[in-house]
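First the structure, in the form of structure tokens, and then the observations on it.
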Amino acid sequence: MTKSEVIKILNEIGLLLELKGENFFKSRAYYDAANKLEVIQEDIQTLVSENRLGSIKGFGKALTSKITELVTTGELEYYTKLKETVPKGLVSMLRISGLGPKKIMTIYKSLGVNTIEELKEACENNKLLDLPRFSKKTQDKILEGIKNYNEYSEKFHYPIGEVLSSELLKYIRESGIVQRCEVAGSLRRKKEVLKDIDLLVSSDEPDKVMDLFTSHYYVKEITGKGETKSSVVLQNGMNADIRVVSDSQFPYALHHFTGSKEHNTALRHLAKKQGIKMNEYGLFKDDELIVCHNEKDIFNVFGMEFIPPELRENYGELEAAENKELPVLVTNEDVRGVFHTHTNYSDGNATIEQLVIDCMNRGYSYLGITDHSKTAIYAGGLTEEDIKRQHEEIDLLNEKYHDFKILKGIESDILPDGSLDYDERILQSFDFIIGSVHSAFKMEQKKMTDRVIKAISNPYMSILGHPTGRLLLSREGYKIDIEQIIEVCIENGIVIEINANPYRLDLDWRHMKNAKEKGCKFVISPDAHSIKEFDYMRYGINVARKGWLEKSDIINTLNKDEIVKYFL
DNA sequence: GCCGTTTTCGGCCCGACTGTTTTCAGTCG
């Protein structure tokens, strides 16, 4: 059984225990264990076979023996039995807003309702009104929750949150009734997909801020409105929350509402050990406020370096900050050039020269051209004649713009058998080659892994393009042993692409830290099909930062001379 | 279910909002 399957089961046990009304801390032990496993990079089979699981904090006797059973036999008797005691539909009901374990169990026990459809029917027939602590209002809220679940259970791509939040921020700031106003939550942590928008405001007139926020024309529905906190649903179905605090409380609140939940819990735990109480309003030692003017001061109290929001996922940032070992994260300004660009030779819409001029305007000093290869007929893949013509044009443009360097590349399909497009004579003519899988996605994992390993063992390959092929919120990546692929890339000196297209962001940032520690090199690529898509670069930077990457981990931070030396 | 430089038992992060109540339970982040 793989690690991700174990994680899934541990989380589900947590949910089932919550439904059964077990001690909350018991289910939390399962969630915590699942979270820990996600961060641990070591192979779970090894941990189990070498009996080392029990020495990790959070894994006691019970969890160790259960996980061992899961990993070695693929099954867990405790889990199987537990599942039998709770109807399957109850777990999915937990995802309806306003419904928690207690209400779900009350409804199930009194009415026998155990699917969302039955619940809807029960509400429509006023069946819930007789239950204790249920009223018409409760019932209506549940119906609303079901409706929202069906309509808006989806998440949103980062750029949508970016656009909406900046408009809301501008609107609130310009009102003149707030002192500070910032984005918090997953948006500030630059998560690749978002559930909601969190805004934090400091103001002496919180009630006015609430009225202002809830009356913005983006707001479709107000789902909560109190003295310091309001929640709304925006026109596109996205939730947005706002919190108002006093200006002196702002730094503590900003940290609190930036999260992640896991980061906060871990830091509060540390605080408590030092006798410090921590909440959104301050840090308190013996009820005495420890004054902090900004987030840097807060981390300082714990002897830590400032932790950039992108790193606050409890992936080891607290320990690193204590030891003053946080990475100096890569920035937009570090980038010196881009690779992976399509022109009007294949499915891009700009000429090479237009792309070059735009790159120069952005301050870049080199550009790697990579149109599709001949197998990609759907995308206008280049024939041998096209390539010859394109190389001649590039030579002319390199003479014309002598301060700039255009590199000749291709995005070659990795064919189902793992070979690249074109024969050796053609492959030799490129300065670099990106290999990407664009077809036969449905292979089983072993076959897909072997296919890609064959490609990255090809001496002409330079960069592995979008390594899992995922499309965020619409397509899972193909099944591939990404850890093994990373190892082979390192062995063969293949650079791994961080595809900056906000619908891809592939490689996933969760793999980067470990890969970097093993010596992997990356390139952040816009995969641009137009001039405008060079803007995607900043989304790639966002996730590279989440993956703990520094300038030196990323080859397109090299200057023009260095990159020429790297590839030619 | 986990954990321990006060503890092998009794804690486990903390507070806002809603709705059903008249002091609090449930849910959420």
Please state whether the rings of Tyr315(A) and Trp509(A) are parallel, tilted or perpendicular, taking 30° and 60° as the class boundaries. tilted
C1' spacing across the pair dC12(B) / dC17(B), given as an integer number of angstrom: 24 Å
Between dT8(B) and dC2(B), how far apart are the C1' atoms? Round to whole Å, please. 12 Å
From C-beta outward on Pro101(A), which listed nucleotide comes closest to its side chain: dT27(B), dC14(B), dC28(B)? dT27(B)
When the distance from NZ of Lys141(A) to C1' of dT18(B) is rounded to whole Å, what number comes out? 5 Å
Quick one: Lys66(A) NZ to dG1(B) C1', roughly how many Å, whole number? 8 Å
Distance between the P atoms of dT21(B) and dA16(B), in whole angstroms? 24 Å
Looking at dC2(B), dA16(B), dC3(B), which one has an atom nearest to any side-chain atom of Thr228(A)? dA16(B)
Return no unless some side-chain N or O of Ser231(A) is found under 4.0 Å from OP1 or OP2 of dC17(B). no
When the ring planes of His216(A) and Tyr218(A) are compared, do they come out parallel, tilted or perpendicular, using 30° and 60° as the limits? perpendicular
Got a second to check how far Asp297(A)'s CG is from Phe306(A)'s CZ, nearest 0.5 Å? 11.0 Å
Minimal heavy-atom distance between Val183(A) and Arg188(A), with the atoms involved, is O-CD, 3.1 Å
When rounded to the nearest Å, what value does the distance between P atoms of dT22(B) and dC28(B) take? 24 Å
Answer with base, sugar-phosphate or nothing: what part of the nucleic acid does Leu267(A) contact at a heavy-atom distance below 4.0 Å? nothing
By nearest nucleotide on DNA chain B, pick out whichever of Arg28(A) and Gly100(A) is the more 5' one. Arg28(A)
In whole angstroms, the gap separating P of dG19(B) from CD1 of Ile142(A) amounts to 12 Å
Starting at the 5' end of DNA chain B, which residue's closest nucleotide do you reach first, Tyr281(A) or Lys137(A)? Tyr281(A)
Report the C-alpha distance between Leu10(A) and Lys66(A) in whole Å, list the side-chain angles of each, state the deciding distance to 0.1 Å, and finish with yes or no for side chain to side chain contact (heavy atoms under 4.5 Å, CB included). CA-CA 10 Å; Leu10(A) 291 176; Lys66(A) 286 189 175 100; 6.0 Å; no
Can you tell me which residue among Leu94(A), Leu119(A), Ile146(A), Ile116(A) is in a side chain to side chain contact (heavy atoms under 4.5 Å, CB included) with Leu99(A)? Leu119(A)
May I have the distance from Phe24(A) (atom CZ) to dG1(B) (atom C1'), rounded to whole angstrom? 12 Å
Could you tell me if the side chain of Leu164(A) sits less than 4.5 Å from the side chain of Asn236(A), heavy atoms only? yes
Interatomic distance where CD belongs to Glu22(A) and P belongs to dG1(B) [whole Å]: 8 Å
dT21(B) P sits how many Å from Leu131(A) CG, rounded? 12 Å
Do the side-chain N or O atoms of Lys273(A) get closer than 4.0 angstrom to the phosphate oxygens (OP1, OP2) of dT5(B)? no
With the threshold set at 4.0 Å, does a side-chain nitrogen-carboxylate oxygen contact exist between Arg180(A) and Asp247(A)? yes
Between P on dG1(B) and CG on Leu82(A), what's the gap in Å once rounded to a whole number? 10 Å
Work out which heavy atom in Lys57(A) is nearest to a heavy atom in His269(A); give both atom names and the distance. NZ-NE2, 4.3 Å
If we call it a pair only when both distances are under 3.5 Å in a Watson-Crick or G-U wobble match, what pairs with dC9(B)? dG4(B)
Lys546(A) (side chain) donor-acceptor with Glu310(A) (main chain) under 3.5 angstrom: yes
Between CD1 of Ile56(A) and P of dC3(B) the distance, given in whole Å, is 11 Å
Is the phosphate of dT27(B), meaning OP1 or OP2, less than 4.0 Å from a side-chain N or O of Lys102(A)? no
Pairwise C1' distance for dG10(B) and dG15(B), with rounding to whole Å: 23 Å
Heavy atom of residues 240-261 of chain A under 4.0 Å from DNA chain B: which residues? Arg243(A)
Of the listed nucleotides (dC12(B), dC24(B), dC17(B)), which one gets closest to any side-chain atom of Lys229(A)? dC17(B)
base_contact_polar (dG1(B) base, Asn23(A) side chain, donor-acceptor, <3.5 Å): yes
Ranking dG1(B), dC14(B), dC3(B) by distance to the side chain of Lys26(A), first place goes to dG1(B)
Kindly write out the residues that satisfy salt bridge (charged side-chain N to carboxylate O under 4.0 Å, His left out) with Lys137(A), not counting sequence neighbours, or none if the list is empty. none
Under 4.0 Å, heavy atom to any atom of DNA chain B: which of residues 191-211 of chain A qualify? none
N/O (side chain, Lys36(A)) to phosphate O (OP1/OP2, dG1(B)) under 4.0 Å: no
